[in-house]
Amino acid sequence: MPSSINRPRGTIDVLPGEVEKWQYVEESFRRICREYGYAEIRTPVFEYTELFDRGVGETTDIIEKEMYTFLDRSERSLSLRPEGTAPIARAYVEDKLFSGPQPVKVYYQGPMFRYDRPQAGRYRQFHQLGIEVFGAFSPAIDAEVIAMSMDFCRRFGLKLDLHINSVGCGVCRPVMREKLYAGLRTRLEDLCEDCRLRLERNPLRILDCKEKRCRGMAEEAAAGLNFLCPECGDHFEKVRNYLDVLDVKYIVDHCLVRGLDYYTRTAFEIMAPGIGAQRSVGGGGRYDGLVEMFGGPPTPGIGYAMGLERLLLVMQEQGLPVPCSGRLDVYIVTAEAELEGKALRLLQELRGNGMHADKDYAGRSMKAQLKQAGKSGAPFVVILGSDELRRGKVALKDMLSGSQTEVPLADLVATVTGEIDTHFTKVRRFKG
RNA sequence: GUGGAUGUAGCUCAGAUGGUUAGAGCACCAGAUUGUGGCUCUGGGGGUCGUGGGUUCAAAUCCCAUCUUCCACCCCA
């Protein structure tokens, strides 16, 4: 007996019955992206490691301890992508998208990889849905991007909180860092162990520490900062105004800082109330320096990413309707084994007319075939019997009522198609 | 990476203080007279008790290690 092999830690198999929910979310995302004028972009799942080192920031946790990095056969360092923005910014430069009409609006969906300790809602291979806009300075685009992410969630009926903040630009962020550093350095003893390290390495992170004693100090420090330069302050104010115009509710959270280095100005995060520690279902912001950092022309950028697994988790948590597993329209049952050939031909004909049709392939008794038909969820069953066939007819059984009628073989496809149409206008393909 | 919990049939779980062939419900498969599902009844298949060591005459039950999942932290999607 060979020993069995398990999937790697922090990965999942998405099985039939579950995968329909994924498709539902993915298809909804595609639809809304097209509505908002985004085109899909697909980039490799692995890139040169340097791309992430430079783009995401060498002192971030993602780069320091969460990347799947390996050498290929010619000793080049590659990494599985831990996020989607840096690769797309790279493509924008490499594929010269800056030379076409601006702004460039793209969306993507696919797996990301981070070597982290797994937990519910946190996996080593997880999936993101995201958008990016390049070449738009206007605060109106910030508002639209944020509004679109909330619109997407709202269409599922999700109740989520939107937190927004401005983290400043290359001019005012260093000022803020300095102020924060100066303000907290004198109170080193009051900070938690982690924050003492953060103070030297990245003081802004102290703002979202969850330790109680740091929280108080952080909020105090953040409120008193008021560090934004006039341009950034004006930008943030306009973003908020546009959000108001769009009737998007938000919480201004001065402690919101994002974990990736490339963010400038607008930062936002979508949080689900009460699903444990993994309550962030998505987030994003502006990254005006990123394209230039990759050797492109100075180009503003903004985008967000949402976690598919977390979206599904919250949807389940909030008891929202999601599609049930794929159903059949018709199931074919034969009364005698000799009719199997006829059944196969009929099946193909039904399928050729767009029906979702299937039959038994285990050589079961008629009774057992009916049982399978019942489990398949097909609302109709076609029963082939030699008596009826002699008269050129087949039996069509309505599985809901149990009633049964005889239909001329020649009319079968048309009759079934009609029945299915009326059936599915009555029965919605969703369950609570 | 740190701390804590968990792991018995496909699923949800029973299996006091270690002792004969490890159980239930659900699911699965098959029957309950001639060609008909969902209810009921009967029967059946399926478990190296996460894995590997150890203690013992004897371990699912005790000890160690390891893996998985979960919770908190770190961080984030």
Side-chain angles (χ1 to χ4, degrees), chain A residues 1 3-12 15 17 56 59-66 81-85 109-130 149 192-195 197-198 202 205 208-211 256-260 269-272 275-284 304-314 331 333-339 360 362-389 394-404:
Chain A
M1 254 299 255
S3 59
S4 62
I5 298 174
N6 299 40
R7 58 179 188 270
R9 181 173 199 201
T11 64
I12 53 166
L15 304 176
V56 178
T59 63
T60 60
D61 276 30
I62 293 180
I63 301 307
E64 277 187 344
K65 53 179 203 187
E66 294 176 2
R81 62 180 182 198
E83 59 99 44
T85 301
Q109 46 182 297
M112 304 293 163
F113 307 84
R114 288 185 208 171
Y115 189 90
D116 203 347
R117 191 114 163 215
Q119 232 171 289
R122 191 170 75 187
Y123 304 95
R124 290 183 171 179
Q125 174 175 334
F126 60 100
H127 297 77
Q128 284 189 335
L129 310 170
S149 70
C192 72
E193 219 175 296
D194 289 327
C195 284
L197 287 170
R198 287 188 182 116
N202 194 348
R205 288 283 186 74
D208 70 346
C209 180
K210 287 168 195 79
E211 282 294 321
L256 172 66
V257 293
R258 309 232 69 231
L260 287 61
E269 197 158 341
I270 300 170
M271 318 266 256
I275 55 158
Q278 266 59 57
R279 35 197 241 89
S280 168
V281 304
Y304 71 74
M306 282 188 296
L308 186 37
E309 289 87 346
R310 289 199 185 163
L311 226 31
L312 290 166
L313 193 67
V314 181
Y331 200 93
V333 165
T334 54
E336 293 95 21
E338 308 79 67
L339 296 173
D360 171 65
R364 284 183 233 260
S365 69
M366 182 176 172
K367 190 188 180 79
Q369 288 179 61
L370 254 322
K371 216 170 190 171
Q372 293 299 319
K375 279 177 214 161
S376 78
F380 296 98
V381 168
V382 173
I383 301 170
L384 264 47
S386 44
D387 290 353
E388 294 88 334
L389 282 172
V394 296
L396 180 61
K397 178 164 181 149
D398 182 328
M399 293 298 272
L400 218 64
S401 64
S403 63
Q404 192 170 316

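Numbered from 1 within each chain, the chains take letters A, B, ... in sequence-line order.
Straight-line distance between the C1' atoms of B:C74 and B:G18: roughly 41 Å, to the nearest whole Å. Atom name P, nucleotides B:A30 and B:C39: the rounded distance is 15 Å, in whole Å. Nucleotides B:A65 and B:U2 have their P atoms positioned 14 Å apart, rounded to a whole Å. Comparing the same atom, C1', in B:A5 and in B:C67 gives a spacing of 15 Å after rounding to whole Å. Separating the C1' atom of B:A22 from that of B:A58 is a span of 16 Å, rounded to the nearest Å. The same atom, C1', is picked in B:A60 and in B:G19; the two are 13 Å apart, to the nearest Å. Nucleotides B:A32 and B:G37 have their C1' atoms positioned 15 Å apart, rounded to a whole Å. Taking atom P on both B:U8 and B:G50, the two are 6 Å apart, rounded to the nearest angstrom.
One atom, CG of A:Asp116, and another, C1' of B:C73, lie 11 Å apart when rounded to the nearest Å. Rounded to an integer number of Å, the gap from CZ of A:Arg279 to P of B:C74 is 13 Å.
Proximity of A:Gln372 to the phosphate of B:C29: a side-chain N or O atom is located under 4.0 Å from OP1 or OP2. The shortest distance between the side-chain N/O atoms of A:Gln119 and the OP1/OP2 oxygens of B:A72 is below 4.0 Å. Between A:Arg114 and B:C76 there is no side-chain polar atom (N or O) within less than 4.0 angstrom of OP1 or OP2. For B:G37, one of the phosphate oxygens OP1 or OP2 lies less than 4.0 angstrom from a side-chain nitrogen or oxygen of A:Lys367. Under 4.0 angstrom from either OP1 or OP2 of B:G35 there lies no side-chain N or O belonging to A:Lys397. For the pair A:Arg117 and B:C76, the criterion of a side-chain N or O lying under 4.0 Å from OP1 or OP2 is not met. Put simply, A:Arg122 has no side-chain N or O that comes within less than 4.0 Å of OP1 or OP2 on B:C74.
Of all non-hydrogen atoms in A:Glu269 and A:Ser280, the two that sit nearest each other are OE2-OG, 3.0 Å.
Base pairing annotation: B:A30 forms a Watson-Crick or G-U wobble pair with B:U42, both donor-acceptor distances under 3.5 Å. Nucleotide B:U56 forms a pair with no other nucleotide shown, judged by Watson-Crick or G-U wobble geometry with both contacts under 3.5 Å.
Looking at heavy-atom distances under 4.0 Å, A:Asp387 makes contact with a base.
Of the two residues near RNA chain B, A:Asp61 and A:Glu388, the one whose nearest nucleotide lies more 5' is A:Glu388.
Looking only at atom types and distance, the side chain of A:Gln125 has no donor-acceptor partner in the side chain of A:Thr11 under 3.5 Å away.
When distances run from any side-chain atom of A:Arg310 to the nucleotides B:C29, B:G35, B:C76, the shortest one goes to B:C76.
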